[in-house]
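Predicted, not measured: the structure shown is a model, and the values here were computed from it. Position 1 is the first residue of the sequence, and the numbers go up from there. Note: hydrogens, waters and symmetry copies are ignored here, and every other heavy atom, side chains too, is used.
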Amino acid sequence: MAQDNPLNVQCFVKKDFQPLFVGENNPRLLYVSDIRPDASAHPRVMHAHEDFVEIILICSGSSEYLIHDKKYFIQPGDLLIYNAGVVHDEISGPDIEIGSYCVAIGGLHMPGLGPNMLIPADAGYVFPTRGSFGDLRILFEMMFRNLAGEEPRAESFAHSLMHALLVKVLAVTDGADAREKPVDEPPILGRRIKEYIDKHYMEPITLQSMGEALHISPYYLSHVFKQMSGYSPVQYLLRRRIGEAQTLLITTELSITHIAEMVGYDTQSYFNLQFTKNVGMSPGKFRQNYIVSQKAKKPGGKSRRKGNTKTD
């Protein structure tokens, strides 16, 4: 005989429950991205965000990502958390298609952490979501769909969902260890080289000038850095410049010529060449295609374009 079940089930919130987002900890949703696998052929190259946190949910595909100073194997179900200032290189392309959702959140002041840090700096970057994947994907999808479709009160709805997403993300990071880090810690010299490039990448630096500044031979500098990151110093420098250029193309209305100068290129033609080689399209086309355009939607509200849906 089947056990009788009550017709109604009621769940109470604990009386001592304390809201997480109070006082100066007032997060603001900046944008939501739905990056389809085919759109990842035009990747966001190495970059960092100084004034917000980025949270990414990997839905399909696998690759190696360079995050800070280590490479990590990324696979479906992974949650990536980039605190402000964390340099990351999302490696994809025509042969490595990654489907993912992404949100950017500013205004975070978590207790005991610096501005725009969601988790401690030593907590890691990559977390398996396991049973929480479905809930997280639904939250990302609802935020993007409502903002892209310009639904009534879409910004308020997405902002409320962002609170739910953050709480769920913290539950995942609290309950699981970050993906195991590489066994070998990066050498101190390799980190010094990375810090130097990250600080000076918008200046006209060369392998020779890096060696002189760090008082080591260019050959040894190149060997140590490539062993740590998988990139030569010149390759890393180029990707940092292209990644910063992508950010400026997306977030500003500066001319392409001005952006090229800002990230260390003397001529726009050479900048265009390097950008197209690494991203798969010209700077102008990247700017045009990255942001969701309401005119470019298919029937049913799905955007044809990879991109960010901003909430501002």
Side-chain angles (χ1 to χ4, degrees), residues 43-50 54 63-74 80-93 95-96 114 117 121-126 178-249 259-280 283:
R44 281 287 275 121
V45 183
M46 189 180 298
H47 62 289
H49 309 288
E50 298 302 327
E54 220 174 35
S63 181
E64 277 192 333
Y65 280 19
L66 178 66
I67 306 174
H68 187 41
D69 55 10
K70 306 182 186 74
K71 281 196 171 183
Y72 294 80
F73 182 74
I74 305 302
L80 282 56
I81 301 176
Y82 302 139
N83 286 334
V86 173
V87 177
H88 48 285
D89 196 13
E90 300 165 3
I91 302 168
S92 59
D95 300 324
I96 308 174
M117 292 182 65
D122 60 356
Y125 308 102
V126 184
R179 177 70 52 77
E180 186 176 342
K181 299 175 184 176
V183 175
D184 296 328
E185 285 294 319
I188 294 174
L189 179 56
R191 284 178 171 164
R192 282 181 57 209
I193 298 167
K194 177 185 178 299
E195 289 170 359
Y196 182 85
I197 299 175
D198 287 339
K199 184 177 180 180
H200 299 281
Y201 70 93
M202 298 176 83
E203 302 170 13
I205 58 175
T206 64
L207 187 61
Q208 184 68 35
S209 66
M210 286 185 235
E212 291 173 357
L214 296 170
H215 307 292
I216 53 177
S217 75
Y219 173 81
Y220 187 59
L221 181 150
S222 183
H223 172 75
V224 168
F225 189 77
K226 188 165 186 176
Q227 191 174 43
M228 180 191 84
S229 69
Y231 291 120
S232 72
V234 173
Q235 288 173 322
Y236 184 90
L237 172 64
L238 183 147
R239 292 182 74 84
R240 281 294 273 130
R241 287 174 169 173
I242 296 300
E244 179 63 20
Q246 286 180 304
T247 298
L248 292 169
L249 286 165
I259 290 173
E261 293 173 353
M262 287 179 65
V263 299
Y265 288 93
D266 293 332
T267 65
Q268 183 182 332
S269 60
Y270 187 62
F271 166 70
N272 288 350
L273 178 67
Q274 292 298 325
F275 189 99
T276 303
K277 180 179 178 181
N278 284 272
V279 180

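Rounded to the nearest 0.5 Å, atoms CE (M46) and CD (Q246) are 11.5 Å apart. K199 contributes atom NZ, which lies 12.0 Å from atom CD1 of I205 (distance to the nearest 0.5 angstrom). A distance of 6.5 Å separates CG in L214 from CD1 in I193, rounded to the nearest 0.5 Å. Here the CZ atom belonging to R241 is positioned 10.0 Å from the CD1 atom belonging to I197, to the nearest 0.5 angstrom. Interatomic distance, CG of D198 versus CD of E195, reported as 8.0 Å (0.5 Å rounding). Taking CD from Q235 and NZ from K226, the interatomic distance works out to 5.5 Å, rounded to the nearest 0.5 Å.
Looking only at distances, no side-chain donor or acceptor of S222 sits under 3.5 Å from a matching main-chain atom of P218. Judged purely by atom type and a 3.5 angstrom limit, Q274 has no side-chain atom pairing as donor or acceptor with the backbone of I242.
Nearest heavy atoms, P233 versus L221: CG-CD2, 3.4 Å. Between A260 and Q268 the shortest heavy-atom distance is CB-CA, 4.3 Å. The shortest heavy-atom contact between S229 and L66 is O-CD1, 4.1 Å. Looking at every heavy atom in both residues, N83 comes nearest to M117 through OD1-CA, 3.4 Å.
Side-chain contact between L189 and Y220: present, with at least one pair of heavy atoms (C-beta onward) separated by less than 4.5 Å. Inter-residue side-chain proximity for I259 and P283 is flagged as unmet; no heavy-atom pair is nearer than 4.5 Å. Residues M210 and Y196 have side chains in contact (heavy-atom distance under 4.5 Å, counting atoms from C-beta outward). Using a 4.5 Å heavy-atom cutoff, the side chains of V224 and I216 are not in contact. Side-chain atoms of L249 and F275, non-hydrogen and from C-beta on, do get closer than 4.5 Å to each other.
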Working for side chain to side chain contact (heavy atoms under 4.5 Å, CB included), residues K194 and V87: CA-CA 10 Å; K194 177 185 178 299; V87 177; 4.0 Å; yes

L80 and Y65: CA distance, side-chain angles, deciding distance, side chain to side chain contact (heavy atoms under 4.5 Å, CB included) verdict: CA-CA 10 Å; L80 282 56; Y65 280 19; 3.7 Å; yes

Chi angles and distances behind the side chain to side chain contact (heavy atoms under 4.5 Å, CB included) call for L237, H200: CA-CA 9 Å; L237 172 64; H200 299 281; over 6 Å; no

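You'll find the ring centres of H47 and H88 inside the 6.0 Å limit.
Taking the six-membered ring for Trp and thresholds of 30 and 60 degrees, F225 and Y236 have ring planes more than 60 degrees apart, a perpendicular arrangement.
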